[in-house]
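Structure record follows, encoded as structure tokens.
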Amino acid sequence: MSPPLVIKNGTVVNEDGMFKADVLVKNGIIVEVSPKIIALPEMEIIDATDRLVIPGGIDPHTHMQMPYAGEVTKDDFLRGTQAAVAGGTTMIIDFCCPDHRNGESLMAGYARWRSWADPKVCCDYGLSVAITQWRPETADQMAVITSPEFGVNSFKFYMAYEGTLMVRDDEMYRAMQECAKLRALARVHAENGSVIKEREIDLLAKGVTGPEGHTQSRPEEIEAEATNRACVLAAQANCPVYIVHVMTKGAAAAISHHRAQGSIVFGEPIAAGLALDGSHYYNEDWLHAARYVMSPPLSRDPTTPELLMKLLAAGELHLTGTDNCTYDGCQKSLGKGNFTKIPNGINGVEDRMSVVWEKGVHSGIIDPMRYVSITSATAAKIFNIYPKKGRIAVGSDADIVIFNPNATRTISAETHHHNLDFNIFEGIKCHGVAEITISRGRIVWANGQLQTVPGSGKFVPLLANSPFVFSSHEIREKKKEPRIVERLE
Ligand SMILES: O=C1CCNC(=O)N1
Ligand SMILES: [Zn+2]
Ligand SMILES: [Zn+2]
């Protein structure tokens, strides 16, 4: 167990307030937050003068060590969580993807992911489970895996990747009904996978084989239409819905529309979409362009990144993720001559906290409290682990970052901790640097050095029925009861 830690002279920032205070940590828990804490000889002292003391980032969207289409993502649970803590993130929610189409149970897939992650993680993690087919046994397995013993409270649905991950509308509708019954959140990758597949065929037939074909096969309205459809199906199923990687204005507008209709919809932009645009797909260098291939694609509109940040400021979008799904140049080159074979994925887990500070706070669009909300607290609330996570308060886990808002760092593959030969944010200078990262009371990053221990991170059970998501559910359910008219024969 780490020695007691006292963080002195810092400014604590939570999503609802910021104030000067010292913080005392014992046995991995915050035990005191007060104006002046006397440092005793047995305590390790951190001087946080002119620094912010913030809740460790929570990245709700990663794909570490993910097997897909014969490849495995380069950031495994060790390198991926090392990159996370080096950037000020102290918890990830990774996507478990059981091979359900071929009969693997959700529980067996879950067990595989746990066996990969538990020995390697250097910070805490949770799991969200993808459902890639609606089978007779799926509903029962969803009930099992949302029990506290497994600790899963969200399910992922892909409306893209026809033939591998994509579910039909009727399947997603049925599964959303089950999510609502179990008080579990439906998370959706919203793209029209069927139309994308046809557009890919047409583009290849016309000789468009490079990464520019990827973005042309997925026009922005393809994401907007699917986002709208996902919200409609969720509303029909009376199921709260969470749209992952919101990349475009149209998708964000669809979310705002359904929220204005009273639906419970959460939108998750990602670091890449808050800092970059789709011009990279037209880069003369094939490999450069291929390295930015992800789905949905980066927006073709250079004004989108700022708009997405403004929607986060306005509360129309809610939390930031990364979709960290890293493939190196060799893997990306599998798509030479056919863009549909380029593995989809980019990095983000190490740079999200700095990118969001630079594009949000340093640019004057959000304040530090909103920053904590969109990088940590809202994720903790949605996944039902608040205030254990996402807050600097007595009783909360000591997942803490000593954050220097005035320091800058220039992002580069030369210095990052990803297991990757490229960084999509290469050369971007950010204000806002995580100088010390503390995971459950243990310093895991300081003085530019990792101090991680593989397997020291813990699996965090995510329990169903998050009040932030479901506390109005019963009343909503009653209002949607079907009506029967009793007619005299
Ligand atoms: O939905 C996804 C899976 C991982 N990679 C990506 O780009 N999109
Ligand atoms: Zn996705
Ligand atoms: Zn993803």
Side-chain angles (χ1 to χ4, degrees), residues 59-76 80 84 92-99 113 125-132 154-167 172 185-193 196-197 200 211 213-215 217-218 222-224 226-227 229-230 241-248 251 266-273 276 278 280-281 289-299 319-328 331-332 334-335 339-349 352 379 418 420 422 424:
D59 184 344
H61 188 156
T62 62
H63 302 274
M64 305 304 183
Q65 201 167 332
M66 178 182 76
Y68 182 69
E71 293 299 317
V72 178
T73 53
K74 295 301 287 182
D75 282 331
D76 66 355
I92 63 171
I93 297 176
D94 200 79
F95 282 107
C96 159
C97 194
D99 188 9
W113 257 257
Y125 81 104
L127 290 176
S128 200
V129 173
I131 292 177
T132 54
S154 65
F155 293 96
K156 173 81 171 285
F157 303 97
Y158 287 92
M159 298 170 75
Y161 304 117
E162 182 169 327
T164 54
L165 303 176
M166 185 174 121
V167 287
M172 189 161 77
L185 180 61
R187 302 178 74 190
V188 181
H189 171 131
E191 287 187 294
N192 188 320
I196 287 167
K197 190 171 177 194
E200 288 174 337
H214 179 76
T215 182
S217 68
R218 298 162 127 94
I222 289 278
E223 183 191 346
T227 302
R229 187 157 33 104
V241 68
Y242 173 127
I243 307 296
V244 301
H245 47 46
V246 175
M247 303 298 286
T248 57
F266 301 107
E268 171 211 88
I270 63 172
L276 306 168
H280 289 280
Y281 299 122
R291 289 179 183 281
Y292 289 81
V293 167
M294 68 158 291
S295 291
L298 294 164
S299 172
L319 71 167
T320 59
T322 64
D323 202 5
N324 195 90
C325 183
T326 46
Y327 295 102
D328 66 9
Q331 292 172 309
K332 288 284 188 177
L334 291 168
F339 66 83
T340 69
K341 305 294 184 200
I342 300 172
N344 285 202
I346 41 88
N347 61 282
V349 77
R352 177 181 67 116
H418 289 278
L420 189 64
F422 184 80
I424 57 167

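Remember, predicted model here, so these are calculated numbers, not experimental data. Atoms within a ligand are numbered from 1 in the order they appear, just like the ligands themselves. Note: hydrogens, waters and symmetry copies are ignored here, and every other heavy atom, side chains too, is used.
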Could you go through the salt bridge (Lys or Arg N to Asp or Glu O under 4.0 Å) check for E191 and R229 one step at a time? CA-CA 10 Å; E191 287 187 294; R229 187 157 33 104; over 6 Å; no
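- Atoms of ligand 1 lying under 4.0 Å from any heavy atom of H245, numbered from 1 in the order shown and given with element: 1 (O).
- The shortest N or O to N or O distance between H189 and ligand 1 is under 3.5 Å.
- The backbone N or O of A160 lies less than 3.5 Å from no partner atom in the side chain of K197, so there is not a single donor-acceptor pair.
- What sits closest to atom 5 (N) of ligand 1 on the protein, heavy atoms only, is N344 O, 2.9 Å.
- Coordination check, H189 versus the Zn ion (ligand 2): passed, since an N/O/S atom of the residue sits under 2.8 Å.
- Residue C325 holds the heavy atom nearest to atom 4 (C) of ligand 1 of all those in A160, C97, A130, C325.
- Taking the centre of each ring, Y161 and H189 come in below the 6.0 Å mark.
- For Y161, the heavy-atom gap to ligand 1 drops under 4.0 angstrom.
- Proximity of M294 to ligand 1, defined as any heavy-atom pair under 4.0 Å, is shared by backbone and side chain alike.
- Of the inter-residue distances, the one linking S295 atom OG with E223 atom CD reads 10.0 Å to the nearest 0.5 angstrom.
- H63 lies close to the Zn ion (ligand 3), since one of its N, O or S atoms is found at a distance under 2.8 Å.
- Heavy atoms of D323 found under 4.0 angstrom from ligand 1 belong exclusively to the side chain.
- Expressed to the nearest 10°, the angle at the Zn ion (ligand 3) joining OD1 in D323 with NE2 in H61 is 80°.
- Taking the side chain as every heavy atom from C-beta outward, T227 and V246 never approach each other to under 4.5 Å.
- For Y158, the heavy-atom gap to ligand 1 drops under 4.0 angstrom.
- In this structure, the side chains of V349 and H418 come closer than 4.5 Å at one or more pairs of heavy atoms.
- When side chains are defined from C-beta on, H280 does not count as touching I424, because their heavy atoms never get closer than 4.5 Å.
- Looking only at side-chain heavy atoms (C-beta outward), M294 and C325 stay at 4.5 Å or farther from each other.
- For the Zn ion (ligand 3), the set of nearby N, O or S atoms under 2.8 Å includes none belonging to H245.
- Given atom 7 (O) of ligand 1, the protein heavy atom at minimum distance is S295 N, 2.8 Å.
- The one candidate from T73, D323, D75, D94 that meets the side chain to side chain donor-acceptor pair (under 3.5 Å) condition with H63 is D323.
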